[in-house]
Amino acid sequence: MCGIVAYIGKRQAFPIILKGLYRLEYRGYDSAGIAILNGELNVYKQAGKVSDLEKFVEGKNVNGTIAMGHTRWATHGEPNDRNAHPHFSDTRNFAIIHNGIIENYASIKEELMQRGHKFRSETDTEVLVHLIEEINKNGKFDFDESVRLALNEVVGAYAIVILSKKDPNKLIAARKGSPIVLGIGEGEYFVASDATPIIEYTKNVAYLNDGEMAIISDGKLTVKTIGNKIMVPYIQQLEMNIEAIEKGGYDHFMLKEIYEQPRSIADSMRGRIDSRGLRVRLGGLGEYENKFVNAKRVIIVGCGTSWHAGLVGEYLIEDLARIPVEVEYASEFRYRNPVITEDDVIIAISQSGETADTLAAIELAKSKGATIFGICNVVGSSIPRATHAGSYTHAGPEIGVASTKAFTAQVTVLTLLAFQIAHRRGTIPASRFQALLNELESIPSKVEIVLKSNEKIRVLAQQFLNMRNTLYLGRGYGFPVALEGALKLKEISYIHAEGYPAAEMKHGPIALIDEEMPVVVIATKNASYEKVVSNIQEVKARKGMVVAIVTEGDQVVKEIADFSIEIPECDDTLLPLLSVIPLQLLAYHVAVLRGCNVDQPRNLAKSVTVE
Ligand code: G6P
């Protein structure tokens with residue numbers, strides 16, 4: 001949700017900032033802007049994408065070795081030029097970029113207006129830069145101190161960078177609730193919302209903690225808290241490589257990420273299965289494994305696709321480990337006064353590790369004494385730092401806004417966890433545990449086989465081109481997959497899609513079925529196969545078009561359905577990992593055919609750091 005990037009050093013900053021903005025564009029693309037400090041403090045900004053900004057600055061003076069850039073996902077104020085970041089203070093001596101929300105902006109704004117400040121935008125952000133100027137104006141406090149004091153007055157979440165014309169060799173960044181990574185090069189520093197704009201210049205990074213600010217000037221970095229305590233930054237090495245964040249010959253990141261799944265699923269389980277010792281080792285679980293084994297209840301929280309992975313987790317843990325599980329939307333959980341006890345184990349799932357509602361749900365559960373286990377993809381992000389224990393999914397950077405490989409990686413980690421806990425609790429025999437582990441290890445090669453249906457699915461996508469509604473049905477382990485398939489289609493192709501438990505169709509959605517409504521059904525040979533076949537008959541009787549995901553060699557469904565896509569046979573518990581792949585491909589091809597921006601669907605953002 002909003003991307004920020006900044007540079008201070010000896011090189012020309014503009015190309016670094018521009019490239020960084022392209023990398024961060026997945027976080028929001030309502031507007032983009034840049035500020036360059038070169039004696040003057042120049043700001044160029046515009047509604048639209050980074051490519052629009054690039055055209056806009058052509059021929060303008062972008063010289064300078066200190067600069068910052070912003071790509072916006074609008075919260076306060078519509079996405080127009082005025083509301084684009086950076087924002088100036090009244091005198092234009094200060095400029096700010098911000099990711100987050102200043103919650104008490106209205107009262108501060110009111111006070112500043114009474115003191116004569118004139119605001120140019122409707123944003124909450126502009127208030128902060130005016131406040132800094134107000135504190136700084138009579139010379140009592142220098143730049144650093146003015147920023148620090150201002151941050152003590154604001155309530156809310158922020159990752160900010162501020163430049164001052166009066167301090168032409170300085171850059172200040174600060175964070176609370178929104179991420180900031182500092183890149184540390186030779187006599188140069190980078191600041192960004194994630195490591196992708198930094199990776200090609202340096203692998204040395206430090207993550208700012210909540211309530212910390214970084215003051216960089218004259219080749220020196222000082223980190224202190226907004227309470228004025230000097231901190232020693234913990235510098236670590238980035239493990240990501242540059243290929244991971246480029247398209248590598250694919251038309252879109254989403255397609256690349258779909259195709260990466262045999263590898264990313266393998267990476268999620270790499271080194272974690274000890275078939276000989278007959279156990280799963282999730283490094284980050286450690287002594288907390290016993291908490292799971294003895295848990296009276298597990299609560300899974302997440303948003304969007306991560307919530308769907310959580311639903312798979314519920315089915316797995318209840319089915320195999322026999323522990324009651326509840327799956328909660330983080331946004332509901334945090335506000336609905338849930339019952340949480342010290343005996344509860346909470347699993348928080350998040351690709352980005354930054355989702356505001358999930359973070360808040362974690363804090364709530366922590367305050368009630370529950371144990372929190374995180375499943376996240378982005379290393380060093382906020383959620384893994386807020387949890388007691390956790391496992392990274394190791395899917396690598398996911399850039400397409402619609403989540404694909406992160407989902408299958410989350411499900412892989414949940415599967416490993418469920419298998420291990422079930423084994424420890426003795427709710428599955430050792431022979432089944434062994435068989436499940438073996439089957440799980442064969443999933444990457446089975447995903448390769450599913451990917452071979454790509455061309456068939458591309459042709460099938462034509463059928464969806466002019467459709468306005470679709471229904472996705474599944475039962476058991478197929479139900480969360482139906483939800484995820486529907487979400488993929490609606491996010492990127494803007495065709496309305498609903499996921500439903502197949503049997504529930506009779507209680508409402510059946511009324512919608514006609515020739516204009518494709519129905520996608522997970523109809524693989526599992527426990528509820530016969531029942532799903534009956535559901536398909538019910539759709540056909542009403543002239544619905546059925547697209548079925550079937551098990552290799554199936555004849556029955558193939559005969560009734562209009563189109564079918566085969567997936568290899570697998571244990572029921574592993575069905576989500578295979579059956580979701582054709583649905584990802586289907587959504588992708590439909591969106592491409594409809595001319596939609598696959599990687600950056602309208603109104604969405606990949607990392608939602610506002611509630
Ligand atoms: C946004 C993204 C989704 C994602 C959800 C949760 O809505 O567009 O793809 O599933 O946030 O994000 P998280 O990073 O917590 O998994």
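In each ligand, atom 1 is the first atom listed, and ligand 1 is the first ligand listed. Keep in mind it's a predicted model, so treat the numbers as computed, not measured.
Ring centers of Tyr288 and Phe373: at least 6.0 Å apart, outside the cut-off.
Sequence neighbours left out, the pairs with a member in residues 578-592 that pass side-chain hydrogen bond (donor to acceptor under 3.5 Å, both in side chains) are His252-Tyr588, Gln261-Gln584, Asn454-His589. Sequence neighbours left out, the pairs with a member in residues 398-407 that pass salt bridge (charged side-chain N to carboxylate O under 4.0 Å, His left out) are Glu260-Lys405, Glu398-Lys606.
Annotation: ring pair (Phe, Tyr, Trp, His ring centres under 6.0 Å) contacts of Tyr259 (sequence neighbours excluded): Tyr250.
With a 6.0 Å radius and a threshold of 12 heavy atoms from other residues, nucleotides or ligands, Glu342 has its CD atom at or below the threshold.
Using a 4.0 Å cut-off between charged nitrogen and carboxylate oxygen, Glu448 and Arg263 do not count as a salt-bridge pair.
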Less than 3.5 Å apart, N/O on ligand 1 and N/O on the protein: could you list those pairs with the distances?
residue  : atom   : partner : partner atom : Å
ligand 1 : 8 (O)  : Ala605  : O            : 3.0
ligand 1 : 9 (O)  : Val401  : O            : 3.4
ligand 1 : 10 (O) : Thr305  : N            : 3.0
ligand 1 : 12 (O) : Thr355  : OG1          : 3.4
ligand 1 : 14 (O) : Ser350  : OG           : 3.3
ligand 1 : 14 (O) : Gln351  : N            : 3.4
ligand 1 : 14 (O) : Ser352  : N            : 2.7
ligand 1 : 14 (O) : Ser352  : OG           : 2.6
ligand 1 : 14 (O) : Thr355  : OG1          : 3.4
ligand 1 : 15 (O) : Ser350  : OG           : 2.6
ligand 1 : 15 (O) : Thr355  : OG1          : 2.4
ligand 1 : 16 (O) : Ser306  : OG           : 2.5
ligand 1 : 16 (O) : Gln351  : N            : 2.7

